[in-house]
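So the structure is just underneath, and the comments pick up after that.
Counting starts at 1 for both ligands and their atoms, in listed order.
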Amino acid sequence: MSYAARFSTWAEVSLQAIEDNVAWFVRHSRARVMAVVKADGYGHGALPVARAALRAGATWLAVARAEEAFQLRQAGLSCPILLLGHWPPEPLAELIAQEISLALWSGAQAEQAASVAGRVGRPARVHLKVDTGMGRLGVQAEEALPLVRRLAAMEGLTFEGLFTHFARADEADPRPTDEQERRLAGLLQALDAEGLRPPLVHAANSAASLTRPHDHFDLIRVGIAIYGLHPSAECPLPAGFSPALYWKTQLSQVKVLPPGRGLSYGHEYVTTRQERIGTLPVGYADGFRRTAGNQVLVGGKVVPVVGRVCMDQCLVQLDAVPEARVGDEVVLIGEQGGARRTAEQVAACWGTINYEVTCAIGKRVPRVYLGEGEPPP
Ligand SMILES: Cc1ncc(COP(=O)(O)O)c(C=O)c1O
């Protein structure tokens with residue numbers, strides 16, 4: 001039975017595409033591959049994506065929240081998992097007990113982790129986060145050496161890694177990232193001199209993994225690219241990657257309206273002649289933004305969304321596809337009859353980036369996983 005017979009709107013995810021995209025990095029890097037599956041796998045579904053990434057040769061997973069790490073463990077994934085950012089105190093014991101590696105950036109956090117590790121009876125695995133120019137989280141690179149000395153000597157901690165995050169690796173100008181790299185290199189030199197370098201040094205996100213092989217170090221942290229999405233317009237994916245997510249809906253009504261009819265809340269669109277109008281069961285509660293200028297694919301053609309997007313529905317102008325009928329599939333992101341609508345195009349229409357488009361696809365939009373070997377729709 002087709003998805004249109006079961007769902008009003010849905011997202012199809014090709015796990016084969018995820019596997020192929022991850023495998024590209026496994027082939028092209030000597031470093032270990034960490035698949036970043038935070039935010040429910042950038043909206044694709046953390047668990048299926050994590051499993052696909054591991055099948056393809058990734059050996060680490062990364063998340064942003066304690067609950068995201070627990071979800072992976074609960075599903076039986078025993079691979080190393082790094083919690084990239086903040087952890088509140090309450091789940092700390094459970095994080096340590098479940099062998100989730102923790103990012104930390106202060107002596108206070110190190111002491112807290114060591115003390116809880118003592119109670120849990122298992123060492124806390126930690127990765128020191130170093131701020132080399134993102135300004136978000138991390139000890140300043142120039143101040144990191146004394147903290148590393150403390151970490152390395154602290155009972156109850158396993159000093160597993162050290163990492164930084166690039167702010168501008170997706171830009172054509174390499175200089176800001178060169179500067180971050182230079183700060184990291186200075187610290188690593190100081191650590192090497194004292195024999196304090198941990199086993200895993202890592203810095204590269206997708207953009208740096210694609211363009212800066214000298215920054216791969218021991219592990220690369222790849223997110224956006226494993227979903228087949230471009231890190232940016234200035235840092236496009238090379239050939240060999242394909243997008244994994246297709247967002248679809250269907251026509252719930254098709255009608256012909258006379259001239260002068262106002263459409264949707266506020267009547268921002270008024271028909272100027274006899275017009276064919278379709279209704280779609282998808283709206284801003286599904287993550288389809290209430291922004292002017294949306295377009296979708298119907299009958300293999302690009303058609304405009306007209307009038308305001310409502311919570312659960314929106315309207316399309318169908319004069320270009322007179323053959324469109326109730327129940328016909330409509331593509332918000334993906335391909336249809338040779339026409340394409342990419343997450344990047346949707347992002348441009350919304351004044352944002354592709355990351356936000358897929359992350360914001362609503363919880364109530366079912367994700368369905370295309371079987372292995374199935375042709376992309
Ligand atoms: C610390 C860290 N590393 C790696 C990534 C992956 O970045 P990207 O999706 O650009 O590959 C992120 C994502 O935001 C991140 O916050």
Minimum distance, heavy atoms only, to atom 16 (O) of ligand 1: which one of Arg136, Arg221, Lys129 is it? Arg136

Under a plain distance cut-off of 3.5 Å, with no hydrogens placed, do Thr271 and Glu275 share a side-chain donor-acceptor pair? no

Can you find a side-chain donor-acceptor pair between Ser101 and Glu160 that sits under 3.5 Å? yes

Element-labelled atoms of ligand 1 that are located less than 4.0 Å from some non-hydrogen atom of Ser206: 8 (P), 11 (O)

Going by heavy atoms, is Lys38 under 4.0 Å from ligand 1? yes

How close does the nearest protein non-hydrogen atom get to atom 10 (O) of ligand 1, and which residue and atom is it? Tyr355 OH, 2.6 Å

Ligand-side contact atoms (ligand 1) for residue partner Tyr42, heavy atom cut-off under 4.0 Å: 6 (C), 7 (O), 8 (P), 9 (O), 13 (C)

I'd like to know if Met134 contacts ligand 1, where contact means a heavy-atom distance under 4.0 Å to any ligand atom. no

Counting the benzene-type ring for Trp, do Trp87 and His127 have ring centres under 6.0 Å apart? no

Identify the protein heavy atom lying closest to atom 5 (C) of ligand 1, giving its residue, its atom name and the separation to 0.1 Å. His165 CE1, 3.8 Å

Would you say the rings of Tyr355 and Tyr227 are close, in the sense that their centroids are separated by under 6.0 Å? no

Looking only at the aromatic ring of each residue, does the gap between the centers of His202 and His216 stay below 6.0 angstrom? no

Residue Ile224 vicinity, atoms of ligand 1 by number, heavy atom under 4.0 Å: 8 (P), 9 (O), 10 (O), 11 (O)

Polar atom proximity, Leu84 to ligand 1 (N or O, under 3.5 Å): no

Any idea which protein heavy atom is nearest atom 7 (O) of ligand 1, and the distance to it? Asn205 CB, 3.5 Å

Do Leu219 and Phe163 have side chains that get closer than 4.5 Å, going by heavy atoms? no

Any donor-acceptor N or O pair under 3.5 Å, side chains Trp350, Asn294: yes

